[in-house]
Protein chains: 2
Amino acid sequence: MVGVNEKTATRTRVADAVYERLREMIFTGELAPGARLSVPALAESLEVSRSPVRDAVLRLVQERLAREEPRRGAVVARVGTAELASIYEIREVLEGLAARLAVENAGRKLVRALKEALDEHEAAMRTADLAASTEADLRFHRLIREAAANPELVRLLDDVQTQVRLAMRTTTVTAGPRQAIDDHRAILTAIESGDATAAEQAARAHIFRLRTVLLQQTEAGE
Amino acid sequence: MVGVNEKTATRTRVADAVYERLREMIFTGELAPGARLSVPALAESLEVSRSPVRDAVLRLVQERLAREEPRRGAVVARVGTAELASIYEIREVLEGLAARLAVENAGRKLVRALKEALDEHEAAMRTADLAASTEADLRFHRLIREAAANPELVRLLDDVQTQVRLAMRTTTVTAGPRQAIDDHRAILTAIESGDATAAEQAARAHIFRLRTVLLQQTEAGE
DNA sequence: TGGCCGGAGTTTACATGCAAACAGAAAGAT
DNA sequence: ATCTTTCTGTTTGCATGTAAACTCCGGCCA
């Protein structure tokens, strides 16, 4: 179950393409936090009319990737330390929920997939392959989320991750990878044992530690 | 802290007015789940042009109050039992988080306000005043959320409540009010004692029970 | 009578026009 | 020289035009 939903009909909606492009520009830093999202200017630079750009920007605002400034249009959102801390508090309980539900729903297949991701994570860390490490880390979490079989939860966690990614643009945060792997192993053990409460606790503890590391780093770096 | 944010500048944005109106129409049942949200038709009936209506409908879609049907436009969303159950799972942990944070942040003032709301809730129940009872119930939860001092959490819980309200349009759910008051009292006691973990547990248990009642009712009624 | 096809009517998504509101800069007054 | 004021240039938000796509209906053909 990978290449999920085959989009019905709607081939190339310009507004969607613009939206995707703007997201990309934000995450690559091409549009830094605080940058103005002028509809006419973007329309010209992207060579489309103002309508789809307007739709896309409105969507970004609603997703909290942009903010509406009084009368200067929308600007790329700046996620501060305080907001990030708030977001991590939420993420803590949501990831905990995902872990609990995963135990209640999933079978051996999940455990096997998680083990695989964890092994790759370890291997990547030994070879100091940051990209592969991050990828394995993300996959571990994603597997649990999807096993939770709660689409609304998946959506919320995706939103959370979007905010976190945006925050990374402002604040460089590197969570200690050693700790992460240990935490993941604890989560895996709990899931393997079929103890839903333990899995929830382990997942929450993991995010709680991430949050702590993150706050220390941003406090120091500020 | 009631009449919150004074809107800066933006007096009468037609799109906002239309959005509010559509929400209202959805919640009052004037627009039932499944009803088509034809932009041209709504524009004429509301006597505005298509643009603000389009913006409003797009916003409803993004907030999951409406769904995009293939090529028939948007329709008012239908929240089924399964979705509602998923939402309550999420609500459980979020309300738990709110209660925990409320204990960590709030002082006596919160306890006093909560007691007041609970008293009114009891009084309303004794006189069988359903409207007042619901109002007091909602206020109890709102007080805790706001005391959590996490704006993102407040936003998410508002979203959740929106979905629940919409679901009520389809399924008539009356949570046992007796149980609710007992649960609230337990939450209040935990908050009063300053035990954050106990408050979290109590809040979660409350939502868990609501969910159970709800599932029984919808299963029976279907 | 039943199935197929075509036309009429919607609908969306995009393009573009336009007024009002403001920001920022340049010019004028003191 | 500094402060005020006007003027220009954007910007947003709303209105409206239009093509393409699709649905639904009725009539036509077998």
Side-chain angles (χ1 to χ4, degrees), chain A residues 5-26 31-78, chain B residues 5-26 31-78:
Chain A
N5 50 5
E6 206 64 36
K7 282 283 169 63
T8 16
T10 327
R11 270 150 303 283
T12 34
R13 203 138 62 149
V14 179
D16 288 349
V18 171
Y19 167 78
E20 295 293 346
R21 179 81 186 99
L22 289 180
R23 261 184 87 104
E24 192 187 318
M25 287 169 85
I26 289 171
L31 283 172
R36 296 180 55 184
L37 295 172
S38 157
V39 171
L42 288 172
E44 191 180 11
S45 94
L46 297 177
E47 301 185 85
V48 295
S49 83
R50 285 154 23 217
S51 299
V53 176
R54 179 164 214 271
D55 287 357
V57 170
L58 245 56
R59 207 162 140 198
L60 290 174
V61 169
Q62 250 231 328
E63 276 185 24
R64 308 283 185 285
L65 277 176
R67 274 175 143 74
E68 275 195 346
E69 294 263 312
R71 202 67 182 195
R72 317 173 34 103
V75 300
V76 178
R78 202 184 296 276
Chain B
N5 50 7
E6 205 64 37
K7 282 283 169 63
T8 17
T10 328
R11 271 151 304 284
T12 32
R13 205 141 59 153
V14 180
D16 288 349
V18 171
Y19 167 78
E20 295 293 347
R21 178 82 186 100
L22 289 179
R23 262 183 85 104
E24 192 188 317
M25 288 170 82
I26 290 171
L31 284 172
R36 296 180 59 183
L37 295 172
S38 158
V39 171
L42 289 173
E44 191 179 13
S45 93
L46 298 178
E47 302 186 83
V48 295
S49 83
R50 285 153 25 218
S51 298
V53 176
R54 179 165 215 270
D55 286 357
V57 170
L58 245 56
R59 208 163 140 198
L60 289 173
V61 169
Q62 250 231 327
E63 277 185 25
R64 307 284 185 286
L65 276 176
R67 276 176 141 73
E68 275 195 344
E69 294 262 313
R71 203 66 181 193
R72 319 173 32 106
V75 300
V76 178
R78 202 184 298 275

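Within every chain, numbering begins at 1; the chains are lettered A, B, ... in the order of the sequence lines, protein sequences first and strands thereafter.
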Inset, instruction - Could you go through the side chain to side chain contact (heavy atoms under 4.5 Å, CB included) check for A:L22 and A:M25 one step at a time? - result: CA-CA 5 Å; A:L22 289 180; A:M25 287 169 85; 4.2 Å; yes
Inset, instruction - Output the distance between atom CZ (A:R23) and atom CG (A:L31), rounded to the nearest 0.5 Å. - result: 13.5 Å
Under 3.5 Å, which N/O atoms of the protein pair with N/O atoms of nucleotides 8-11 of chain C?
from: C:dT11; atom 1: OP1; to: B:S38; atom 2: OG; distance (Å): 2.9

Legend entry - Where at least one partner belongs to residues 34-46 of chain A, residue pairs that pass side chain to side chain donor-acceptor pair (under 3.5 Å), sequence neighbours excluded: none
Legend entry - A:R54 vs D:dG13: side-chain N/O to OP1/OP2 distance below 4.0 Å: yes
Legend entry - Working for side chain to side chain contact (heavy atoms under 4.5 Å, CB included), residues B:I26 and B:L60: CA-CA 10 Å; B:I26 290 171; B:L60 289 173; 4.3 Å; yes
Inset, instruction - Could you walk me through whether A:V18 and A:L42 pass side chain to side chain contact (heavy atoms under 4.5 Å, CB included), step by step? - result: CA-CA 9 Å; A:V18 171; A:L42 288 172; over 6 Å; no
Inset, instruction - Enter the distance from A:L58:CG to A:E68:CD here, rounded to the nearest 0.5 Å. - result: 7.0 Å
Legend entry - DNA chain C contacts made by residues 42-51 of chain A, counting heavy atoms under 4.0 Å: A:S49, A:R50, A:S51
Inset, instruction - Can you tell me the distance, in whole Å, between the CG atom of B:L58 and the P atom of C:dT12? - result: 10 Å
Legend entry - Check: A:Q62 main-chain N/O paired with A:R64 side-chain donor or acceptor under 3.5 Å: yes
Legend entry - CG-CG distance between B:D16 and B:D55, expressed to the nearest 0.5 angstrom: 9.5 Å
Legend entry - Separation of atom CD in A:E68 from atom C1' in D:dG13, rounded to whole Å: 11 Å
Inset, instruction - Could you check how far CG of A:D55 sits from C1' of C:dA15, rounded to whole Å? - result: 12 Å
